[in-house]
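In what follows, a structure is listed as structure tokens, so that the remarks can point back to it.
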2 protein chains.
Amino acid sequence: MVQIQADARGTKAHGKRREILDAASFCFRERGFHATGMRDVAARAGMTVGNLYYYFRNKEELLGFCQEETLQRLDGLARELGRSGLPAAERLFLLIEGQVVCLNEGIPGSLAHLEIPESEGAKGDRLRKLRDRHERRIRRLIRQGMTEGAFRELDPKVATLAILGAVNWTVRWFRPEGGASAREIGRAFAEQLVRGLLAEGEPFEAPDDDDIPIHGEDDDE
Amino acid sequence: MVQIQADARGTKAHGKRREILDAASFCFRERGFHATGMRDVAARAGMTVGNLYYYFRNKEELLGFCQEETLQRLDGLARELGRSGLPAAERLFLLIEGQVVCLNEGIPGSLAHLEIPESEGAKGDRLRKLRDRHERRIRRLIRQGMTEGAFRELDPKVATLAILGAVNWTVRWFRPEGGASAREIGRAFAEQLVRGLLAEGEPFEAPDDDDIPIHGEDDDE
DNA sequence: GTAGGATTTGAACGATGGTTCAAATTCAAG
DNA sequence: CTTGAATTTGAACCATCGTTCAAATCCTAC
């Protein structure tokens, strides 16, 4: 079977792959990876299942690309925040907010995007590295907050897991047509999760997110 | 095919069903519902797949019983805390702690236990009711905390979702052989999630959990 | 030991789902 | 229009999975 190159540069093929990835992301989000069939994805992308295999080698590869996209976006967000020079607590706030927006606006994220099975190979290693790096960044931020005196003494790992749990789980219930935008939810979550770390008597004010471009399109909702 | 009655009272059959439910809970937790096969469950329970069908009508019923168990345990926990007379903030703390313990000690909980598809029938309605009731209890607690002046002004629904996300996601990473017990994790989570709701300048001290029997066996670890 | 009910077995069925692939169709350049 | 590459189609393959069921085996009471 002829299959297109993974690094297709052709505008048309690239656009097609984009469409497929969108469709896959949507399906994975709605039904999970295992309950999503390739025929589902194909149907959503407006093609036949055989055609889908012209663009992606198999289901696993499809998921891998979805995962990479998501993790790259989170990575980019964290990098920009890293350059902001804000105190750790505020950076953490914006990172939480940004992640909620990342996962719930524009191209949908799903839990499948964030879970990488142990046995995967080189690609899996790369993805796991990306994912773990993200987690380490949050831990580092928490540790910095403690160093700066903003946060109380606590285990950064556990706190990170609480944050990631709350944030990642948003994909299960957030709906764009709901009452609140992803940004609003993100801010409320960040408020709760960051305040929960504060040292006794430590004041905190939620930072503006105007100067930090949160990936997830415009705010003119 | 002959199938045993759903309300089997026989000690032997009851014990067998218990074993199967344990096996299923374990498998669902490790692999998710859809990626778990009935043969997996049967193997784990030490029987053949045909035998498994003697005890449970089908995969869906098996999941339904698992879900009901989990939700009943959470219900029981919430009821006991409802009788404690503690302030809302403390009750919320213990509820969070208890839920983490519920999901991660003894019979394992899984995400599958907590997600009930829309199209399910009467049994699904019952389960959804149980689940929704649990969620409403948390919301009510948060509202009470606000009334009592302990919590700042916020949306109880969003705060509840943050709590449930963080707590439910523990099933994805918690391992009994890890460094911390479910109770310790539960307390750290509760600390973070409850403190995050406090009004400015409001003191808070984590309550003892000695007098409230948290379902999840003994603490002598 | 016998009888009948309880439980288990193991093979098979039908559906589903990931994947393949030859043929058909479309597209683009000369 | 022709040619060759790109893309799509649709049927089929094979493996897996949920489920079934007759026969075998086990268990218990008389």
Side-chain angles (χ1 to χ4, degrees), chain A residues 1-21 23-24 26-28 30-67 112 117 119-121 123, chain B residues 1-21 23-24 26-28 30-67 112 117 119-121 123:
Chain A
M1 178 179 77
V2 177
Q3 193 206 322
I4 201 168
Q5 291 300 331
D7 55 358
R9 280 288 164 261
T11 301
K12 198 173 165 206
H14 186 71
K16 215 51 175 215
R17 279 169 71 92
R18 172 77 269 142
E19 277 174 49
I20 296 168
L21 287 172
F26 179 86
C27 294
F28 291 154
E30 295 297 310
R31 317 190 57 195
F33 177 70
H34 289 287
T36 294
M38 291 298 261
R39 289 174 179 86
D40 299 326
V41 175
R44 181 152 183 105
M47 64 177 64
T48 62
V49 72
N51 192 190
L52 202 161
Y53 281 90
Y54 178 75
Y55 294 92
F56 292 94
R57 178 174 296 110
N58 53 40
K59 195 180 183 185
E60 209 172 288
E61 182 180 275
L62 185 55
L63 175 64
F65 274 97
C66 292
Q67 290 173 326
S119 50
E120 203 63 59
K123 169 88 179 220
Chain B
M1 178 180 76
V2 177
Q3 193 205 325
I4 201 168
Q5 290 299 333
D7 55 358
R9 280 292 163 256
T11 300
K12 198 170 167 212
H14 186 73
K16 218 38 175 222
R17 280 169 70 91
R18 173 75 270 144
E19 278 175 47
I20 295 168
L21 288 171
F26 178 86
C27 293
F28 291 154
E30 295 297 312
R31 315 191 55 194
F33 178 70
H34 288 288
T36 293
M38 291 298 260
R39 290 172 177 87
D40 298 326
V41 176
R44 182 153 183 103
M47 63 176 67
T48 62
V49 71
N51 192 191
L52 202 162
Y53 281 90
Y54 178 74
Y55 293 93
F56 291 95
R57 179 174 293 111
N58 53 41
K59 194 180 184 186
E60 210 172 288
E61 182 179 276
L62 184 53
L63 176 64
F65 275 98
C66 291
Q67 289 173 327
S119 50
E120 202 67 55
K123 168 90 179 215

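In what follows, every heavy atom counts, from backbone to side chain, and hydrogens, waters and symmetry copies are set aside. Letters go in sequence order (proteins before strands), and every chain restarts at 1.
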Atom [atom1] of [X] and atom [atom2] of [N]: how far apart are they, to the nearest Å?
{"X": "B/F56", "N": "D/dT20", "atom1": "CZ", "atom2": "P", "value": "15 Å"}
{"X": "B/L52", "N": "C/dT9", "atom1": "CG", "atom2": "C1'", "value": "13 Å"}
{"X": "A/E61", "N": "C/dT19", "atom1": "CD", "atom2": "P", "value": "10 Å"}
{"X": "A/K59", "N": "D/dT16", "atom1": "NZ", "atom2": "C1'", "value": "12 Å"}
{"X": "A/E60", "N": "C/dG17", "atom1": "CD", "atom2": "P", "value": "18 Å"}
{"X": "A/N51", "N": "D/dA11", "atom1": "CG", "atom2": "C1'", "value": "15 Å"}
{"X": "B/M47", "N": "D/dT25", "atom1": "CE", "atom2": "C1'", "value": "16 Å"}
{"X": "B/N58", "N": "D/dG18", "atom1": "CG", "atom2": "C1'", "value": "9 Å"}

Point-to-point distance, once rounded to the nearest 0.5 Å, from CE of B/M38 to CD1 of B/I20: 8.5 Å
Distance (rounded to the nearest 0.5 Å) between A/Y55 OH and A/R18 CZ: 14.0 Å
Check whether any side-chain N or O of [X] sits under 4.0 Å from OP1 or OP2 of [N], and answer yes or no.
{"X": "A/T48", "N": "D/dT8", "result": "no"}
{"X": "A/K16", "N": "D/dA6", "result": "no"}
{"X": "A/Y54", "N": "D/dT9", "result": "no"}
{"X": "B/Y53", "N": "D/dT20", "result": "no"}

Flag side-chain contact, heavy atom, 4.5 Å: [X] against [Y]:
{"X": "B/M47", "Y": "B/Y54", "result": "no"}
{"X": "A/F56", "Y": "A/L21", "result": "yes"}
{"X": "A/E61", "Y": "A/N58", "result": "yes"}
{"X": "A/T48", "Y": "A/R39", "result": "no"}
{"X": "A/L62", "Y": "A/R57", "result": "no"}

Per-nucleotide pairing state of DNA chain C [Watson-Crick or G-U, under 3.5 Å; [ ] pseudoknot-crossing; | other strand]: ||||||||||||||||||||||||||||||
Has the side chain of A/T36 got a donor or acceptor atom that lies under 3.5 Å from a matching backbone atom of A/C27? yes
Scan residues 30-41 of chain A against DNA chain C and write down, sorted by residue number, each residue with any heavy atom closer than 4.0 Å; if none is found, say none. A/T36, A/G37, A/M38, A/R39
Nearest non-hydrogen partners of B/H34 and B/K59, listed with the distance: O-NZ, 4.1 Å
